[in-house]
Every structure is written in structure tokens, then in C-alpha cells.
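Worksheet for the structure shown next.
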Amino acid sequence: MEKEQNNNSNKTESRKAAVSPKDLATEYLANERTFLAWVRTGISIITLGFALAKVRIWLGELGLPNSPEFAQAGMGESIPLGIGMLLFGGLIVVLAAWRYSVVKRQIDRGEVTADRWMIILITILVVVLSLLMTFYLMLGATRM
């Protein structure tokens, strides 16, 4: 029985790291830097999505949609793809704020744990976005 309790406590200790009071400021600032890095990433994705959608609108204002080359280039997909990127960038910022709050509470309690599911989620979302962008570019290249 004692051995079983010892094994359980070892598993818990390996997943959580105690934060000493003298390291609290460092932990808070590291958490804030991580949050800001996620926000910069979200803003970059939002900017790219806006540019992608805006290019389509700008080309439409020039009257290019009436040309056969424009219609065949697959440019009509840029607006939904751009909007998707705008939403994805916003989602990243929301997830960053949520994660910042979770880590702050963990620091306040004196224990910090890694959040594996968020890393997996963001990885999956970025891979899906990458595949969509690749498909979009390939579709445009085959139509030209």
C-alpha cells in the first residue's frame, strides 16, 4: 500500500513543478512574454488573412474578375480563406488569454504544469491552415 502511494506521488511530482516565492516575478514575466508571443502570432495570421481577402477585393475593383485569366486562377477562394485566417488568428489570441489566466492561477498556487492539449490543438489547426493554403495555391497554379 505504501509503495502504491509512493508511485502516485512520484507521478504527480514529475508533472508539477513547485514555484519558490523568490522566483514568482520571473514566472509571472515569463508567462506574460509567452502570452505576448501568442498575440503576435495571432496578429500575424490575422494580417495575412486580411491581405489575402483584400487582394481579391482590390483585384475586383480593378475590373479583373471579368477577364478569363482571373476567373481561371481560382482567386474566388481567397476571400473565404482570408476570413478563415482572420478567425483563426482571433482564436489564437483568445486561447492565449485563456492559457495566460490558467498559468497565472497555477503560479499563484505555487505549481505549474504543461498543457499538452493546447499544443496539440494549435499544431492541428496550423497544419490544417497550411494544407488549405497549399491546396489554394495548387488550385490556382493548375487553372493558369
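Remark: of the listed residues I46, L48, L129, L129 is the sole one forming a side-chain contact (heavy atoms from CB on, under 4.5 Å) with F88.
Counting heavy atoms from C-beta outward, Y100 and T34 have side chains that stay 4.5 Å or more apart. In this structure, L125 and L91 have side chains that are in contact, with non-hydrogen atoms separated by less than 4.5 Å.
Cluster annotation: V39 is not connected to V102 through the hydrophobic network of ILVMFWY side chains, with a link wherever side-chain heavy atoms come within less than 4.5 Å. I122 and I45 fall within a single hydrophobic cluster, where Ile, Leu, Val, Met, Phe, Trp and Tyr are joined by side-chain heavy atoms under 4.5 Å apart, directly or via other members. At a threshold of 4.5 Å between side-chain heavy atoms, the hydrophobic network of Ile, Leu, Val, Met, Phe, Trp and Tyr places L87 and V93 in two separate groups. Linking Ile, Leu, Val, Met, Phe, Trp and Tyr whenever their side-chain heavy atoms come within less than 4.5 Å puts I124 and M85 in one cluster. If you chain together hydrophobic residues whose side chains sit under 4.5 Å apart, V128 and V126 fall into the same group.
Nearest approach of A96 to W38, heavy atoms of both residues: CB-CB, 3.4 Å.
To the nearest 0.5 Å, the span separating CD1 on I83 from CG on L52 amounts to 10.0 Å. Atom OG1 of residue T26 and atom CD1 of residue I107 lie 10.0 Å apart, to the nearest 0.5 angstrom. A distance of 4.5 Å separates CG in L95 from CE in M118, rounded to the nearest 0.5 Å. Here T47 contributes atom OG1 and L86 contributes atom CG; the two are 9.0 Å apart, rounded to the nearest 0.5 Å.
The number of heavy atoms from other shown groups lying within 6.0 Å of CZ (F50) does not exceed 12.
Among residues at least two apart or in separate chains, ring pair (Phe, Tyr, Trp, His ring centres under 6.0 Å) pairs with a member in residues 113-132 are W98-W117.
Judged as a salt bridge (charged side-chain N to carboxylate O under 4.0 Å, His left out), and not counting sequence neighbours, R40 has no contacts. Listed by chain and number, the residues in a salt bridge (charged side-chain N to carboxylate O under 4.0 Å, His left out) with D115 are R99 (sequence neighbours excluded).
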